[in-house]
Amino acid sequence: MAKIISSPLPNMPWQEKPAGYDMPVWRYSENPIITRHQKPGANSIFNSAAVPFGDGYAGVFRCDSRGLSMDLYAGFSDDGLNWKINETPIQFIGADPEILQREYRYDARVCFIEDRYYITWCNGYHGPTIGVGYTFDFKTFYQMENAFLPYNRNGVLFPRKIGGYYTMLSRPSDTGHTSFGDIFCSRSPDMRFWGDHRYVMGVYRGDASAWQSTKIGPGPAPIETDEGWLLIYHGVLNTCNGFVYRMGAALLDIDEPWKVKYRTKFYVMGPEELYECVGDVPNVTFPCAAITDSDTGRIAIYYGCADTVTGLAFTTVDELLDYMKKNSL
Ligand code: BMA
């Protein structure tokens, strides 16, 4: 068994793979775990992040209001399945007042590094860029400077410093519904000044792997394993009916994570169920968080479904690594 390098989490949500199922990632049978109206006043709750916190779990949720404004809300759960989401959005403090001004906030990732939970999200600042903040308790949230110039989305931190630097994946974009997108890696000594920008991987041009031919972006914080960083990412195909978002997996070098060792030619999960195919934006499965148990190699993936509700899916480190090695680009 490949080894996940983190802590045991024996109480994490889990279901065994259904008999006869031939995909490496399978859905929780009670999906969606969060419905569109779970919080009063919400139009939709999706593309959200969960982490172990205390004896249970905490998360940062994207809730679009019935005015369709996009904002981030803290939420809590005992079991990672049943969530209570705060009624009011996160109010960040700190930073320069100019940076604190909210245009829009969406698609948060949460990553525990050293002593705190960092939050990265798509932050409106004269166009989308990567907002960065942190919390110790999911009650008080501090905002820092944006990591990059606009336009950028999908800022995803690694859970520890690599070679002495905080390290972040991101996907440079445009002001709209970007029709391109490759994954890059950047480093920072202090979480404020980012540089050493390196290309990690891009869209696949050709029909052998068309599901990732329009744009790709990092999903959950990479999972450290004894074989490298396991990255779950999204890949997009542009069709005559719009974008279709599926999930893939890659293995990145442990010390130089801009070097890709394997990358799935076939998607590992895509929109199939009704709640993934029908909603405000049809045909979207968008992973934003993964929780793991180092003892068993289990992985639970939180993903947005059709930009409307939140689903949970399961896999293991061995399922993904085996699939990747057998079907690598
Ligand atoms: C992306 C982001 C995501 C969304 C996806 C599909 O550009 O806006 O939040 O899930 O499009 O609409």
Side-chain angles (χ1 to χ4, degrees), residues 31-36 42-50 59-65 67-73 89 102-110 119-125 127-131 148 150-156 169-184 202-203 211-221 232-248 267 269-273 275-290 301-313:
N31 268 356
I33 58 164
I34 298 170
T35 60
R36 64 186 305 162
N43 167 76
S44 42
I45 309 174
F46 59 107
N47 298 3
S48 299
V60 176
F61 294 83
R62 169 176 175 176
C63 303
D64 291 5
S65 73
L68 270 309
S69 87
M70 306 178 279
D71 216 334
L72 304 179
Y73 293 71
R102 177 194 164 276
E103 275 183 41
Y104 49 79
R105 298 180 172 135
Y106 64 83
D107 294 2
R109 294 1 184 237
V110 181
I119 299 131
T120 49
W121 67 93
C122 178
N123 191 37
Y125 181 71
T129 184
I130 308 302
F148 306 120
Y151 310 109
N152 202 319
R153 291 181 169 101
N154 299 299
V156 174
L169 300 172
S170 71
R171 209 279 306 282
S173 69
D174 66 12
T175 51
H177 300 295
T178 317
S179 59
F180 61 87
D182 300 335
I183 298 175
F184 288 79
V203 298
W211 66 273
Q212 51 183 333
S213 59
T214 299
K215 53 180 168 175
I216 59 171
I232 297 165
Y233 65 99
H234 67 256
V236 179
L237 170 68
N238 196 8
T239 73
C240 59
N241 200 31
F243 292 149
V244 178
Y245 282 71
R246 296 185 172 90
M247 294 182 208
Y267 62 81
M269 204 182 110
E272 283 174 23
E273 297 293 333
Y275 55 88
E276 297 162 345
C277 298
V278 177
D280 283 7
V281 182
N283 302 317
V284 179
T285 51
F286 196 93
C288 286
I301 303 167
Y302 291 82
Y303 69 105
C305 310
D307 281 19
T308 305
V309 298
T310 303
L312 188 64

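In each ligand, atom 1 is the first atom listed, and ligand 1 is the first ligand listed.
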State, without any angle test, whether R153 and S173 hold a side-chain donor-acceptor pair at a distance under 3.5 Å.
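Yes, a side-chain donor-acceptor pair sits under 3.5 Å.
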Parallel, tilted or perpendicular: which describes the rings of Y245 and F243, with under 30° parallel and over 60° perpendicular?
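Ring orientation, 0 to 90° scale: perpendicular.
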Relative to each other, are the rings of W211 and Y267 parallel, tilted or perpendicular (30° and 60° limits)?
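Plane angle over 60°, so perpendicular.
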Protein residues near ligand 1, heavy-atom distance below 4.0 Å?
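Ligand 1 is contacted, at a heavy-atom distance under 4.0 Å, by N47, R62, Y106, D107, Y245, V281, V284, F286, D307.
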Taking only Lys NZ, Arg NE, NH1 and NH2, and the carboxylate oxygens of Asp or Glu, determine whether R36 and D280 approach each other closer than 4.0 Å.
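Salt bridge: yes.
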Is any side-chain N of the basic residue among R102 and D71 closer than 4.0 Å to the acidic one's carboxylate O?
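The answer is yes: the pair qualifies as a salt bridge.
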Can you tell me how far CE of M70 sits from CD of E103, rounded to the nearest 0.5 angstrom?
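Spacing of CD (E103) from CE (M70) equals 10.0 Å.
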